[in-house]
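To start, the structure under review is shown below, and the notes come after it.
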Amino acid sequence: MVVLITASLARVPAAHSQPVPHRTLQIQDSTVYIDGKAVPEEVLPSGLILDEVQMQYQVYGLERPVVEIQGQPYRLTESTLEVVDQESYATEDTREVPSESRAKTSRSLSPSSDYMQMLRAQSQRLYESVQREYALEHAAEQRAYRIRQLEPGPERTAHLDTLRQTITQLFDLKQTNRRRELQQLQQQVDAMQQRMQQRAAHREAMIEQRVQQLTNHANHAP
């Protein structure tokens, strides 16, 4: 099972500037969608493997951004993805996943942990909410990276305002998710306590039943 990550990567313009380009990339069910349009498999790079990959990016400020898919950088064009050389990508200023954040992004797109598998089985709503939490964490890291590259001024202030809004939203979402997790844990504890009470009420019968099981020759024939 693969975690679905939704990230907004942006270069926020200074106040009163012209609108910046908005691009989208989505991979779902082994299909690539660029700006909402499905890309035919035959025009995609031959080495691109989409099995167990689900991701969604919203990109602002770059007409031809670069994103990573399973560790390989690809440039987003008007109609397809183009392979980007690893060496040039390492020094490219327009890449969409900075080196310090790249490892965290890769982990986010890896197969989910046992906890996430259990969470999805118990509550699809909570599972999706936790994925949103991870996406906001990623977006905050991306925004902070941009801020550290900027000199004091209107653009940096705009980034800081957006980061503060993201962190506020992330804090509230974490609180909500932790409350829901606690509710699920409490339900599990209540169910276990009920089972223990039932076992205690039938203590003698259960003991006798187990004795019979262990000494029944029909069940333990050589």
Side-chain angles (χ1 to χ4, degrees), residues 1-13 20-36 48 50-62 65-76 81 94-149 158-184:
M1 181 175 57
V2 176
V3 176
L4 172 62
I5 180 170
T6 304
S8 296
L9 309 178
R11 287 182 173 178
V12 176
V20 295
H22 172 209
R23 307 294 308 282
T24 63
L25 168 66
Q26 181 180 6
I27 300 177
Q28 185 174 3
D29 299 329
S30 298
T31 302
V32 175
Y33 299 87
I34 294 179
D35 299 331
L48 179 60
L50 300 177
D51 294 343
E52 297 186 351
V53 174
Q54 296 188 58
M55 59 190 296
Q56 182 171 321
Y57 280 100
Q58 297 182 17
V59 185
Y60 298 83
L62 292 173
V66 176
V67 298
E68 282 191 9
I69 303 175
Q70 295 188 336
Q72 170 64 49
Y74 294 88
R75 187 180 305 281
L76 179 63
L81 296 171
T94 59
R95 63 182 180 271
E96 282 306 304
V97 184
S99 58
E100 66 183 75
S101 300
R102 192 153 56 224
K104 294 181 179 179
T105 303
S106 178
R107 285 196 296 271
S108 296
L109 295 174
S110 300
S112 62
S113 64
D114 291 341
Y115 169 72
M116 294 306 297
Q117 294 182 26
M118 178 188 68
L119 192 63
R120 188 173 191 179
Q122 294 178 345
S123 173
Q124 181 67 24
R125 178 184 178 187
L126 179 55
Y127 173 83
E128 293 175 354
S129 187
V130 171
Q131 300 316 303
R132 174 60 179 163
E133 178 183 325
Y134 290 161
L136 285 175
E137 288 275 17
H138 176 73
E141 291 171 0
Q142 292 286 335
R143 184 77 59 182
Y145 175 85
R146 299 296 189 195
I147 291 172
R148 291 194 294 272
Q149 314 309 310
H159 274 286
L160 282 170
D161 289 342
T162 302
L163 177 61
R164 189 169 289 106
Q165 294 174 10
T166 300
I167 295 298
T168 299
Q169 184 180 1
L170 179 59
F171 180 89
D172 293 339
L173 182 58
K174 283 186 174 182
Q175 291 292 95
T176 298
N177 288 343
R178 300 299 84 79
R179 281 194 295 268
R180 290 175 178 171
E181 288 171 336
L182 285 173
Q183 289 173 356
Q184 284 198 350

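- Atom-to-atom distance recorded for Thr166:OG1 and Arg143:CZ is 6.0 Å, nearest 0.5 angstrom.
- Contact annotation: the side chain of Leu163 approaches that of Ile167 to within less than 4.5 Å [non-hydrogen atoms, C-beta and beyond].
- Side chains of Thr24 and Tyr33 form no contact here, defined as non-hydrogen atoms less than 4.5 Å apart.
- Between the CG atom in Leu136 and the CD atom in Glu141 there is a gap of 11.0 Å [rounded to 0.5 Å].
- We find the NE2-OH distance between His138 and Tyr134 to be 14.5 Å, quoted to the nearest 0.5 Å.
- How far CG of Asp35 is from CG of Leu25: 9.0 Å, rounded to the nearest 0.5 Å.
- Under the 4.5 Å side-chain criterion, counting only non-hydrogen atoms from C-beta, Thr168 is not in contact with Gln165.
- Within the 4.5 Å cutoff, the side chain of Arg180 has no heavy atoms near those of the Ser123 side chain.
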Task: Stepwise side-chain contact (heavy atoms from CB on, under 4.5 Å) test for Arg178 and Glu181 - done: CA-CA 5 Å; Arg178 300 299 84 79; Glu181 288 171 336; 2.6 Å; yes
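- Looking only at distances, no side-chain donor or acceptor of Thr31 sits under 3.5 Å from a matching main-chain atom of Ile27.
- The two atoms that bring Arg120 and Tyr127 nearest to each other are CB-CD1, 3.5 Å, heavy atoms only.
- With hydrogens and angles left out, the side-chain atoms of Gln124 and Glu128 include a donor and acceptor closer than 3.5 Å.
- Using a 4.0 Å cut-off between charged nitrogen and carboxylate oxygen, Arg132 and Glu137 do not count as a salt-bridge pair.
- The line from CD of Glu133 to CG of Asn177 is 5.0 Å long, rounded to the nearest 0.5 Å.
- When atom types are taken as modelled, the side chain of Ser129 and the backbone of Arg125 share no donor-acceptor pair closer than 3.5 angstrom.
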